[in-house]
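Have a look at the structure below before the remarks.
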Amino acid sequence: MIKNKILDQDIMWGASTSAYQVEGAYNQDGKGMSVQDIRSVPEGTTDFKVAADHYNRFEEDIALFKELGLQSYRFSIAWTRILPDGVGEPNLAGIAFYHRLLDQLAAAGIAPIVTVFHFDLPAALSQNGGWSNRQTIVAFEQYCALLFREYGEKVKYWLTINEQNMMTLVGPKLYGGKKTMKEIYQENHHMFVAQARVTRMYHQGNFPGVIGPAPNIAQAYPASAEPEDQLAAQYFNAFRNWFYLDAAVYGLYNHQVMTILEKLDAVPEITEQDRVDMREGCCDYIALNYYNTMSVEANSDEVTAEDGDQQRGLGLKEFFKSVKNPFLETTEFGWEIDPLGFKTTLHEVASRYHLPIMVTENGLGAKDELTEDFRIHDPYRIDYLKRHIDMLQQARDEGVKVIAYCPWSAIDLVSTHEGMRKRYGLIYVHRDEFDLKDLNRYRKDSFYWYQRFIATGKL
Ligand code: BGP
């Protein structure tokens, strides 16, 4: 079977981006507005209108990816380029753009890994209630049907939803206004159903590829050996990680999370048909984004969250509260660095789900400096990647099946929360937060390092 063959293959060394963070051209060639185009960004950070201008420079970028030696490239399709209002008439220029991108990747010998939805819901759907409205499930199905029809022969690896867990856990806090937990978990449920229906549709279409989810997965440690902390870590892991994978892999609701949702009065309405859809739309593989582990302790106070983002500061009264791990250093943006936790996480996911794993994000955000002779010395990023790849290789040697490793990010792009100054790329983009300069591309030291690693297999 084609599927087994695809999933049996050796690891592909790649890199990642997402549409709204890299493409720019936010209103070019008939593109509609997404929630990212209209949201207010924190003061002092850029918006996403130009980003890295990849939409207009993708040929040059793919030539660089080829020179880098990438075997796969994980990117997302902007829903609003394909369907400006989320539903209705397709935008032919948008459809043609991704054909050109895919053809260019094929010519460069780079396998595309395509996320269909990465944080950029069409604004028109959002105005009609977004994921709280069951019509969005239908819109998502129609959008995906169109993508499979158009690109089904060119794409072998599909990803449904990027970091649904972060949209649910952190999204509403950052941009959502005043949603109740019940509303948040109803939306989350609709995303489960949408993902399952699209997965089933893909399977029924007999396309020559595989499909899976892409949550942000990170092992949580108990802060101490106190039994209370152990239980807190178990609830936290269920709430942040396994809830999303149990749904994608088995089509089931995690029982510990149900307990939490009952306490929060946030149990969503689930129809009989939803349950059937979820059971019938199970994924072929697991893609995951890993940045760092978390540590939690039992939580008897009122704290529901600190200044949390996707990698820190989550808390839930009576269940858990995240704390700093004194054994770990942090990046200059305050995220802990834990390569060994990567190995732990990979083992845990492999043992729980027995499916091939694809790493779709892993990387270090930093304030890179461009020297006068246009170089970027980023030993901190090389060190991060080296230590994480080392752990990935150890996990593979010990039996974890990993089909691709795609660090974040292939090229500099606008960070979800911290604008342009938090750079992740292997390729530097010459612009500042607000000064767009010439947007020229420069190879960072990490580019040459990763290039050598891909060519020789040596760390
Ligand atoms: C993940 C997202 C990416 C990216 C990354 C880094 O959660 O999938 O889109 O943004 O995190 O996060 P940030 O840009 O906030 O540093």
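Counting starts at 1 for both ligands and their atoms, in listed order. Computed from a predicted structure; not experimentally measured. Residue numbers count from 1 along this sequence.
With hydrogens and angles disregarded, no donor-acceptor distance shorter than 3.5 Å links the side chain of Ser409 to the backbone of Ser16. Judged purely by atom type and a 3.5 angstrom limit, Asp412 uses its side chain to pair as donor or acceptor with the backbone of Gly425. The backbone N or O of Asn216 lies less than 3.5 Å from a partner atom in the side chain of Asn165, making a donor-acceptor pair. Using a distance-only test at 3.5 Å, with no hydrogens or angles considered, a donor-acceptor pair links the side chain of Tyr290 to the main chain of Phe342.
With rounding to the nearest 0.5 angstrom, the CG atom of Asp277 is 4.0 Å from the CZ atom of Arg200.
Here is the list of ligand 1 atoms found below 4.0 Å of a heavy atom in Gln21: 3 (C), 4 (C), 9 (O), 10 (O). Near Asn162, the atoms of ligand 1 lying under 4.0 angstrom from a non-hydrogen atom of the residue are 8 (O).
In His417, the parts holding a heavy atom less than 4.0 Å from any atom of ligand 1 are both the side chain and the backbone. Only the side chain of His118 comes within contact range of ligand 1, with a heavy atom under 4.0 Å; no backbone atom does. The part of Tyr424 lying near ligand 1 is the side chain, judged by heavy-atom distances below 4.0 Å. Contact annotation: for Ser415 versus ligand 1, heavy atoms closer than 4.0 Å belong to both the backbone and the side chain.
Annotation: Tyr20 places no N or O atom under 3.5 Å from an N or O atom of ligand 1; distance criterion only. The shortest N or O to N or O distance between Trp335 and ligand 1 is not under 3.5 Å. Where the criterion is an N or O separation shorter than 3.5 Å, residue side chain and backbone included, Glu163 meets it with respect to ligand 1. For a threshold of 3.5 Å applied to N or O pairs, the pair formed by Thr416 and ligand 1 contains at least one separation below that value.
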**Report entry** Test log, rule side-chain contact (heavy atoms from CB on, under 4.5 Å), inputs Lys386 and Phe453
**Finding:** CA-CA 9 Å; Lys386 197 189 271 181; Phe453 167 71; over 6 Å; no

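Only one option out of Tyr151, Phe75, Phe58 pairs with Phe97 in a ring-ring contact (aromatic ring centres under 6.0 Å, His included); it is Phe58.
More than 12 heavy atoms of other residues, nucleotides or ligands shown are found within 6.0 angstrom of NZ on Lys401.
Residue contacts with ligand 1 leave out Phe333, since none of its heavy atoms falls under 4.0 Å from the ligand.
Residue nearest to atom 1 (C) of ligand 1, selected from Glu361, Lys422, Glu418: Glu361 (by heavy-atom distance).
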